[in-house]
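Scroll down for the structure; my scribbles are underneath it.
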Amino acid sequence: VHTAPLLECRAVSARYGGITVCRDVSLSVARGEIVALLGPNGAGKTSLLGAVSGIVRGGGDMVLDGTEMGRLPADRRAHLGLRLVPEGRGLFPELSVRENLRLGSRLAPAARRQELIDRAIELFPILGDRLEQQAGNMSGGEQQMLAVGKAIAGAPSLLMLDEPTQGLAPSVFDVLRQALLALRDDGLGIVLVEQRHAFAQSVADRTAVLVSGTLVHQGEPGETIARDELMRIYTGAG
Ligand code: ATP
C-alpha cells in the first residue's frame, strides 16, 4: 500500500539575512527510513536541518505527518513530532541525566513519558547507570547518547541528527548505530547528517547529497552510494 511520506519538503530554502545558503531542496522521509544527508563542509546541511526545524529562516513547503509546518515556529514543529539533535547536543549540562531525560519527555503525552524514558535507557544502558550524574561531566559519547535519549523521550516521529559521531571514539559508533536501527524499526523517520561516510552508509536506507546548498543526488530506497561515486559528485567531475 502507498502511504504518504512522514516528511515531505518541496522547494525548501534556508537563509541568513539576505544570503540564501540552501535553495530548492526537495526531500522526503518515510516512516521507518533513515536518510543520510551528505555533502562537503559548508554545503548547507546544518542550515537545511535548521530550516526544517524552524530555527533558521527558510521558505518552501514542509509537510510533517500531513500538517503543513513551513510557517510554524520551531516549538510548534517540535509538538508535531519533529526533533533535532544539534551538533552541540542541546543538553542541560548542569542537570543530571535523569533531569535531562525528564525534560525531553515533556513533549510526550504524560501517560507515555516513563515508557519512553525506559526505552531510551534500554537503547543506551549506560544512561541507566548514570541517572544522577551531571550531564556535563560525562564523556562525549555518553553525552551524545543522552542527547538522542532526551530527544526520543519526547515521542518524536521524525528525528534529525547533526553529525552525531563528531569527536567521538569509534567504540561509541556501534551503540549509536544499533540505536538508530532500532528507532527506525520502531517506525521513526530519521535524517542523519554525517561527515563520517562509512558510518552513514552503514545505517542509511537512502542517501541524499547536498553541494552548495542544492541537492545534487538522491539514492533510491535501499541504495546507498559508493565512496568513489560520492567524491565524483562532490567535485563535479565525471
Ligand atoms: P559543516 O559540515 O561545515 O557544518 P554544513 O554543510 O552543515 O557544513 P552549514 O553549516 O549549513 O553547512 O553552512 C552553510 C553556509 O551557511 C556556509 O556558507 C556558512 O558559512 C553559512 N552560515 C552558517 N551559519 C551561518 C550564520 N549563522 N550566519 C551566516 N551564515 C551562516
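Every number for a ligand or one of its atoms is a count from 1 in the order of the listing. Just so you know, these numbers come straight off a predicted model, no measurement behind them.
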Donor-acceptor contact below 3.5 Å, side chain Arg113 vs main chain Ser105:
yes

So do the side chains of Gln218 and Arg206 get within less than 4.5 Å of each other, counting heavy atoms only?
yes

Please check if atom CZ in Arg102 has more than 12 non-hydrogen atoms from other residues, nucleotides or ligands closer than 6.0 Å.
no

If the condition is side-chain contact (heavy atoms from CB on, under 4.5 Å), which residues does Ile126 pass it with, not counting sequence neighbours?
Arg130, Glu142, Met145

Just wondering, more than 12 heavy atoms not from Arg10 lying within 6.0 Å of its CZ?
no

Expected contact list for ligand 1 at under 4.0 angstrom, heavy-atom basis, is Tyr16, Val21, Pro40, Asn41, Gly42, Ala43, Gly44, Lys45, Thr46, Ser47, Glu163, Gln195

Keeping Ser26 on the side-chain end and Ala11 on the backbone end, is there a donor-acceptor pair under 3.5 Å?
yes

